[in-house]
2 protein chains.
Amino acid sequence: MGVGRITIEDVAAAAGVSRQTVTRAMNGMPEISARTRELVLRTAAELGYRPSRFASNLAARRKSRSVGLVLGSLRNPYYTELAAELLDVVAPRGWHVLMASREQGDDVELVAALSGQADAIVGYFTGDETALVTAARGVPLIQVERAATVPGLHAVVLDFDAAIEALLGELRDRGARRFGLIESGGPPGEEGAGAYRPTRRRRAYERFADSDSAGRVVVADESIRGGADGLARLRAAHPGVDTVLVFNDLMAMGAMQQAQLDGVAVPGDLRVVGVDGLSLGAVMTPPLSTLSIDRRAVATEAADIVGTLLDRAEPPPHPPVVRTVTPRPLWRESA
Amino acid sequence: MGVGRITIEDVAAAAGVSRQTVTRAMNGMPEISARTRELVLRTAAELGYRPSRFASNLAARRKSRSVGLVLGSLRNPYYTELAAELLDVVAPRGWHVLMASREQGDDVELVAALSGQADAIVGYFTGDETALVTAARGVPLIQVERAATVPGLHAVVLDFDAAIEALLGELRDRGARRFGLIESGGPPGEEGAGAYRPTRRRRAYERFADSDSAGRVVVADESIRGGADGLARLRAAHPGVDTVLVFNDLMAMGAMQQAQLDGVAVPGDLRVVGVDGLSLGAVMTPPLSTLSIDRRAVATEAADIVGTLLDRAEPPPHPPVVRTVTPRPLWRESA
DNA sequence: CTTCGTCCCGTGAACGTTCACGGAGACGCT
DNA sequence: AGCGTCTCCGTGAACGTTCACGGGACGAAG
């Protein structure tokens, strides 16, 4: 002894009692006198004893569940509000939530790291689906936004086709004619790091906009400053645009700020519409219109899939579980 | 068998191999033929086998560390940006982060729940310190903002005394004379739930403001709408105020919005200053001035304390470890 | 035919707790 | 004295995995 970890046995020996007595003292159980409890607690503190949570959970046969959450960024309120909703949904059931952000690593790496600590992982993934599943080592994966195509992967898909079609229609009703899109080039800071891949939002836009508008797309960094930069480039390349759709609200806020700097009146000269539905958009001047994603619904569906998967006794759920949430326009004064 | 959990032994039996072979297959280890690996993986999938992460971590003697993070709210970007910083700091070391929000439970309950899953817990606590420490069951607690007074509790304190004294001074230099404060009444939704206790920010304000100003305080909900409401009440009660200090940036944004609604020019008629230093404050019109808290520094110090505490061999750190971070004014156009 | 090496695979023994027992002593009552 | 009832405490045996070994089968080399 001396080397290695301080175990319950060390404490027991030092206090002159048995393992079980130490357990009773540490966990506040009955069948122990106040005297010895005090003694044990003190010697435990003196030795710097910290119980092994792994041994403890194993022996106690606890069903403590924790779900990993892989987000695009913790600096974008959309993601963190989603996290908030998920926490609201699972905390009452006693589940824990492990956080990870794609800002600090590859999809697959994150999943691999989380797989040892979580019973299920939900998140925004962009990596190869097969690689993700193998990295998960058997823990169920629930993908948000993207559809799942391989076994072992389930999904809460966001129906941007329906949403953007509806949005463009309503915008036309409001007089919009010449659209433009500020598209995401990936997480902030990854400027040109990975290969750019068109997002589902862009695809939907190109599909449902008129052919002229479909060509008016600029790719920008997924941040406030990226949105500002995007708007400047979009207006430079396509001066006639009267309505700009932005990949997300954060970028849209940057775009609105830029418009203001350039002396462009919103919505008089230019309509701006974001995606996400951040409550902070309401305090902008003018308040930001947006394609709102029901984060509570996403969280609920995801948690539900996790529950189904984990409680299932023996048979594996072969056809991937898929739920759908459709974003809806939320009109405020910027459009 | 049949009842209870599916163990590695079940898979081994079903595949006609031994435990160790199953381990090798599941973890992608060598010393196994492609044939049997395939077989084992398939039967594992068919049985719906998911390894016990507790048993696994215990047997592998892994030093996987995870720190719990207790925040006031996940809907306030200040907290989530702090989380982002912490993640940035600890992720490279391979540590995990467990999230919890005071919106869904008492301090002490959260700590108790987390103590089984985390090796250390850092957070914004408001509850009784002794109760917190006992709930932690030996896992180290690091408290942010508040100073620690009991053994087992450590702290990263925010020096609002120094910060607010400096802030008020600089505001006076800019012509501010009649101050007012919008103070927090606790987390959103807890309207009148717990007993209101003056925050350290309020205490500092009352100490360093002139005696007239010290009396101009309203308590409001810790949210955008709370800030708006607070400003309305403050102006109604004290019409002559020319400068308002707000508990945090989120509330300050609400206050600015309310000022705009009421036709009060900022900063012409009224200066508004928040606390936190949110980057989103920069996109407000006018951009929000604020007492900026260096979240990176807070996260770094907290992680450092955790590291020190966990790597220490035997002796317990008796004098609580304390680090200090001082907020600094960040001037933008609202003041 | 022996010897050595390589490739697979299996068997005890950990890992550090908690659970289900069982038992010693103190005390009160008949 | 005998018996029952508390209160407090200790001893094997789990929990489900991985680690350190050891060993058989097979082919190549001597």
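Reminder, nothing fancy here: chain letters follow the sequence lines and each chain counts from 1. Remember, predicted model here, so these are calculated numbers, not experimental data.
Distances were taken from every side-chain heavy atom of S56(B) (C-beta onward) to each of dT17(D), dG16(D), dC9(D); the shortest belongs to dT17(D). For S18(A), whose side chain is taken as the heavy atoms from C-beta onward, the closest listed nucleotide among dG10(C), dG16(C), dG10(D) is dG10(D).
Scored by the ring pair (Phe, Tyr, Trp, His ring centres under 6.0 Å) test, Y78(A) finds no partners at all (sequence neighbours excluded). For T80(A), the side chain to side chain contact (heavy atoms under 4.5 Å, CB included) partners at least two apart in sequence or on another chain are L74(A), P77(A), T80(B). For R61(B), there are no side chain to side chain contact (heavy atoms under 4.5 Å, CB included) partners two or more places apart in sequence or in a different chain. With sequence neighbours excluded, the residues forming a ring pair (Phe, Tyr, Trp, His ring centres under 6.0 Å) with Y79(A) are Y124(A), listed by chain and number. The side chain to side chain contact (heavy atoms under 4.5 Å, CB included) test applied to T300(B) returns V89(B), R296(B), not counting sequence neighbours. Not counting sequence neighbours, the partners of E145(B) by the salt bridge (charged side-chain N to carboxylate O under 4.0 Å, His left out) test are R201(B). R53(B) is linked by a salt bridge (charged side-chain N to carboxylate O under 4.0 Å, His left out) to D119(A), counting only residues two or more places apart in sequence or in another chain.
In this structure, G16(B) and A55(B) both approach DNA chain C, and ranking their closest nucleotides by distance from the 5' end singles out G16(B). The residue among V22(B) and V17(A) whose nearest nucleotide of DNA chain D is located toward the 5' end is V17(A).
N57(B) comes within contact range of no nucleotide atom at all, as no heavy-atom separation falls under 4.0 Å. Contacts of P51(B) with the nucleic acid, taken as non-hydrogen atoms under 4.0 Å apart, involve only primed sugar atoms and P, OP1 or OP2. I32(B) comes within 4.0 angstrom of sugar-phosphate atoms only, judged by non-hydrogen atoms across all strands, and of no base.
Under the 4.0 Å criterion applied to side-chain N and carboxylate O atoms, E81(B) and R295(B) are assigned as salt-bridge partners.
Side chain of N57(B) to backbone of R62(B): no donor-acceptor contact under 3.5 angstrom is found.
R24(A) and T36(A) are not linked by any side-chain donor-acceptor pair at a separation below 3.5 angstrom, with hydrogens and angles left out of the test.
For the pair K63(B) NZ and dC15(C) P, the computed distance is 14 Å after rounding to whole Å. One can place CD of E9(B) at 11 Å from C1' of dT11(C), the figure rounded to the nearest angstrom. I6(B) has its CD1 atom 15 Å from the P atom of dC15(D), to the nearest Å. A straight line from CZ of F54(A) to C1' of dT18(C) spans 17 Å, rounded to a whole angstrom. Whole-Å rounding puts the R62(A) CZ to dT17(C) P distance at 12 Å. Taking atom CG of N27(B) as the reference point, atom P of dG16(D) lies 17 Å away to the nearest angstrom. Residue E38(A) contributes atom CD, which lies 18 Å from atom C1' of dC9(D) at whole-angstrom precision. Spacing between atom CZ of R137(A) and atom P of dT17(D) amounts to 14 Å, rounded to whole angstrom units.
Proximity of T36(A) to the phosphate of dC9(D): a side-chain N or O atom is located under 4.0 Å from OP1 or OP2. The phosphate of dG10(D) (OP1 or OP2) has a side-chain N or O of T21(A) nearer than 4.0 angstrom. Contact between the side-chain N/O atoms of S33(B) and the OP1/OP2 oxygens of dC9(C) is found at a separation under 4.0 Å.
When the local axes at the two ends of the helix from dC1(C)-dG30(D) to dT30(C)-dA1(D) are compared, using 5 base pairs at each end, they differ in direction by 60° after rounding to 10°.
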What's touching nucleotides 19-23 of chain D from the protein side, N or O pairs under 3.5 Å?
{"residue": "dC19(D)", "atom": "N4", "partner": "Q20(B)", "partner atom": "OE1", "Å": "3.1"}

